[in-house]
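Since the structure comes first, as structure tokens, the remarks are kept for the end.
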Amino acid sequence: MLNRYRFLWYFPSAFYKTQRMNPTLPIHDVLDDICTALETGLSAVVQAPPGAGKTTGVPLALLSASFLSGKKMVMLEPRRLAARAAAGRMAEMLGEKVGETVGYRIRLEKKVSAATRIEVVTEGILTRMIQGDPELSGIGLVIFDEFHERNLNSDLGLALTLECQGVLREDLRILVMSATLDAEPVARLLGEVPVITSEGRAFPVATHYLPLRKPTPTPWDIEAACARAVAKGLAEEEGDMLVFLPGAGEIRRVESRLRQMALPEQIDLYPLFGALSKEAQDKAIKPSPAGRHKVVLATAIAETSLTIDGVTLVVDAGLMRTSRFSPGAGMGRLVTLPVSKASADQRRGRAGRTAPGICYRLWSEGRTSTLAPFTAPEVLHADLAPLVLELALWGVTDPAELTWLDLPPEGSCQQARSLLQDMGGLDAKGRITAHGKAMARLGLHPRLAHMLLCAKEKKLGSEACLLAALLTERDPFTGNRKEADLRLRMEAMLPGSRREAALNPGAAARIKETMRQLATRLQIKGNPKEPRHSGRLLALAFPDRIAMARKGRPGHFQMASGSGAFLYETDPLAFEPFIVAADLDGNRQNARVYLAAPLDEELLKADHAHRMRREEVVSWNDSKEKVEAVTRHTLGAMILSEKRLAKPSPDAVTGALIQGLQARGIGLLPWNKTTRSLQSRVLFLRNHAGFEDLPDLSDPTLQETAAQWLAPFLIGVTRMGGLAKVDLAGALTALIPYPWHRKIDTLAPTHMTIPSGTHIPLDYGNGEPPFLAARIQQLFGLTDTPTVAEGRVPVTCHLLSPASRPMQVTKDLKSFWANTYPEVKKELKARYPKHPWPEDPLTAVATNRAKRKGK
DNA sequence: CTCTCCCT
């Protein structure tokens with residue numbers, strides 16, 4: 001309070017500026033409400049659209065608030081650029097330099113002093129601040145700006161700050177500022193706190209829907225439609241145009257389409273995306289000279305990060321490219337999705353910043369309601385290794401112990417935990433280790449932090465710092481056909497390198513700064529000398545992405561993780577026997593490698609000896625129809641070497657043989673009439689006669705359980721041919737409990753004797769109720785239908801003519817003799833006059849005579 | 001046959 005007062009005494013004009021900073025800004029109307037909410041309560045939510053002036057207005061208005069009682073404010077910004085700019089504007093309004101009352105801290109820059117009351121920081125910095133001092137001493141208020149973006153770090157920052165407020169600092173104020181209408185959930189999370197809403201300030205933008213004709217358009221269709229929309233805009237409207245496309249590829253292709261269309265002479269065409277150099281980006285952003293207009297083809301970078309003044313027409317293809325982390329692969333992959341409604345509105349708003357504008361949307365008005373209302377929060381789809389490490393450092397092993405708007409998903413947390421455990425950063429219970437604490441302190445992705453700490457011990461610290469900086473910052477190589485080799489980038493970064501010209505100077509400067517910062521933190525002296533060890537270093541960070549060339553397929557690799565990876569043959573790395581991939585496109589079967597380094601086989605074996613396994617693999621070779629045995633040295637899914645094994649263990653051989661048998665089918669066993677009959681009779685008794693205690697001898701079950709019942713009978717067999725000698729009857733019999741052995745023949749006899757005295761077979765099919773087939777004459781005198789299974793199941797009778805042709809099928813002989821026989825007799829007597837056709841078949845003598853006598 | 005954005 002005192003400082004503030006003295007300051008105003010000396011600089012009354014600053015006071016004037018502060019209080020009247022810009023009374024036309026809408027936020028001005030609600031500043032008193034915000035002060036009151038934080039005086040009377042602990043937290044509040046401010047919901048104000050872009051242009052309301054909240055980023056500068058709110059912190060300045062709170063400078064004299066009594067609840068701060070001399071403590072300072074920290075405001076989070078999602079981007080360095082925004083943090084620097086916000087601090088700059090606020091300082092300017094106070095008539096000061098940055099670093100006095102208002103300062104900022106971002107990764108590589110710090111402008112704060114003892115006098116600083118407002119500290120604007122980027123989101124990662126807050127995490128470091130709160131981890132370093134969980135009480136946030138000297139801080140009275142934490143402001144989360146642009147919270148609607150729901151970045152991973154702001155969600156984490158809020159969770160930790162809430163914990164600090166709830167447990168350690170009952171006077172700590174939290175203010176969440178959000179641009180969209182989704183303020184209610186945050187207000188609930190903060191404890192049913194007030195939501196203060198402000199108007200925005202923007203010009204109206206008229207929306208025109210230009211849907212694509214096809215229901216499922218290809219990228220080609222979208223690019224063509226985009227070019228048409230630009231042409232339409234140029235023909236019908238004046239002013240600068242901003243076109244939103246999902247990525248650099250689409251931008252390049254639409255650009256070449258437009259160039260072929262011969263644009264009006266006064267039009268300049270610029271691409272704009274993150275990987276472009278600062279100079280190229282500036283060209284797209286700077287205002288058009290008088291008499292000229294521009295068309296900027298941009299990714300989502302122009303949605304919030306960069307503003308282009310003077311845009312009055314926006315063309316929105318309605319797509320965004322975003323990363324989805326796959327815990328199984330331990331990698332992210334890029335997907336192209338429809339934008340959310342909030343994003344589409346934000347894009348449209350870009351046409352109304354300086355004057356009324358127009359927005360062309362390349363979809364139908366009806367489809368707008370099918371868009372997701374908001375873009376998914378990053379925590380749901382991100383690599384959570386950094387978050388899990390931070391939580392462990394905070395003392396939390398289960399994220400659910402903290403309060404979140406969206407709980408970090410369990411799958412990603414588990415993957416993160418196991419990666420961190422492999423690296424020794426967490427113990428078996430998920431608690432942080434000394435190594436983990438050192439990792440977290442470095443402010444790098446845990447993989448890179450682990451690499452750095454290990455490299456220091458191998459005296460490769462400075463090389464590792466350069467490598468980590470290269471992988472943290474943007475790729476310093478520009479252009480489309482980049483080689484993947486990280487050594488080339490390291491070489492170019494070394495002082496006095498011939499390759500320096502290939503570098504994007506802005507990116508190179510940042511990499512150098514980052515490298516220096518890391519070296520300072522780790523107390524590593526000396527400069528990196530040469531890039532020879534890059535593969536070895538990368539293997540520490542990405543052990544799962546060590547990859548081995550596939551035989552006979554140049555450019556194709558097998559990764560330790562089990563996935564495939566490839567490089568085009570135009571890249572010299574494609575011919576290396578081993579590489580480590582630092583960056584891949586995330587395709588599960590065959591991922592494109594964007595950044596990698598070669599790895600020396602001897603060093604690989606030396607450094608990763610503890611992870612290598614020697615295993616005996618006995619497997620079935622289906623084409624050679626035999627069991628083969630090898631010893632292998634493996635690293636994850638990679639087979640480093642393989643040798644034939646002379647004497648594999650008998651159990652393994654049997655296992656492999658059974659594997660082969662299961663692949664080929666159980667029919668390969670030496671089945672015969674006896675074994676098939678046993679099988680079908682047991683099946684019949686089990687399935688149709690109620691003897692459920694009998695084992696299931698059906699082919700599918702036998703095949704599935706072969707390892708249990710067949711294995712003891714396979715000793716000494718190594719080839720399919722050897723199966724012919726297997727005692728299948730013995731094996732099947734062994735499956736059936738002993739008391740049943742005799743009973744089966746009684747319950748389900750293989751034959752039965754019929755009145756003619758013949759012993760005729762019963763057919764049980766594949767385990768169905770049995771039938772017998774006999775000529776009618778053989779059955780004379782058989783009054784009732786025969787049965788099996790203690791009389792439970794009748795035997796179906798197939799009645800044949802004297803020529804053994806099927807005549808009738810019946811399960812009820814009594815009824816046949818009484819009703820059907822007289823008709824059959826009439827019919828057959830004419831054709832077979834010499835056979836007996838008695839009036840009363842029940843008392844007639846059965847006969848086996850089939851052929852007519854004589855002749 | 002060639003990756004969205006951002007941060008410690």
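The structure presented is a predicted model; accordingly, all values stated were derived computationally and were not measured. Note on naming: letters A, B, ... go to the chains in the order of the sequence lines (proteins, then strands), and numbering restarts at 1 for each one.
- A:Ile301 comes within 4.0 angstrom of sugar-phosphate atoms only, judged by non-hydrogen atoms across all strands, and of no base.
- Protein atom CG of A:Leu306 is 15 Å distant from nucleotide atom P of B:dT4, rounded to whole Å.
- Proximity of A:Ser305 to the phosphate of B:dC6: a side-chain N or O atom is located under 4.0 Å from OP1 or OP2.
- Closest to the side chain of A:Arg474, from the set B:dC7, B:dT8, B:dC5, is B:dC5.
- Between the C1' atom of B:dT8 and the CG atom of A:Leu389 lies a distance of 12 Å, rounded to the nearest Å.
- A:Phe566 has its CZ atom 10 Å from the P atom of B:dT2, to the nearest Å.
- Distance CG (A:Leu471) to P (B:dC6): 18 Å, rounded to an integer number of Å.
- No more than 12 heavy atoms of other residues, nucleotides or ligands sit less than 6.0 Å from atom CZ of A:Arg333.
- Of the side-chain N and O atoms in A:Thr299, one or more sit less than 4.0 angstrom from OP1 or OP2 of B:dC5.
- Nearest to the side chain of A:Ala248, among B:dT4, B:dT8, B:dC6, sits B:dT4.
- Using a 4.0 Å heavy-atom distance criterion, A:Leu334 is classed as a base contact.
- Position along DNA chain B of the nearest nucleotide to A:Tyr594 versus A:Pro78 favours A:Tyr594 as the more 5'-ward residue.
- Remark: P of B:dT8 and CD of A:Glu513 are 13 Å apart, rounded to the nearest angstrom.
- When the nucleotides B:dT8, B:dT2, B:dC7 are ranked by their closest atom to the side chain of A:Arg79, B:dC7 comes out on top.
- As rounded to whole Å, 14 Å separates atom C1' of B:dT4 from atom CD of A:Glu149.
- Considering only side-chain N and O atoms, A:Thr122 lies under 4.0 angstrom from the phosphate OP1 or OP2 of B:dT8.
- Within the 4.0 angstrom heavy-atom criterion, only backbone atoms of the sugar-phosphate kind lie near A:Ile106; the bases stay farther away.
- Comparing A:Thr472 and A:Asp585, the nucleotide of DNA chain B nearest to each residue sits closer to the 5' end for A:Asp585.
- Side-chain contact, A:Asp221 with A:Thr218: a donor N or O sits under 3.5 Å from an acceptor N or O.
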Quick one, A:Ser343 with A:Glu303, criterion side chain to side chain donor-acceptor pair (under 3.5 Å). Give me CA distance, side-chain angles, the key distance, then yes/no.
CA-CA 8 Å; A:Ser343 250; A:Glu303 213 174 289; 2.6 Å; yes

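- Looking at heavy-atom distances under 4.0 Å, A:Gly124 makes contact with sugar-phosphate atoms alone, never a base.
- In this structure, the nucleotide among B:dT8, B:dT4, B:dC5 sitting nearest to the side chain of A:Ser323 is B:dT4.
- Side-chain proximity of A:Phe273 to B:dC5, B:dT8, B:dT2: nearest is B:dC5.
- When the side-chain nitrogen and oxygen atoms of A:Arg80 are compared with OP1 and OP2 of B:dT8, one or more of them lie within a distance under 4.0 Å.
- A:Asp571 has no carboxylate O lying under 4.0 Å from a charged side-chain N of A:Lys482, or vice versa, which leaves the two without a salt bridge.
- Between A:Glu513 and A:Arg516 a salt bridge is recorded (basic side-chain N to carboxylate O distance below 4.0 Å).
- Using modelled atom types and a 3.5 Å distance limit, the side chains of A:Thr122 and A:Glu77 yield no donor-acceptor pair.
- The separation between A:Met515 atom CE and B:dT8 atom C1' is 18 Å, rounded to whole Å.
- The CZ atom of A:Arg324 sits 13 Å away from the C1' atom of B:dC5 (whole-angstrom rounding).
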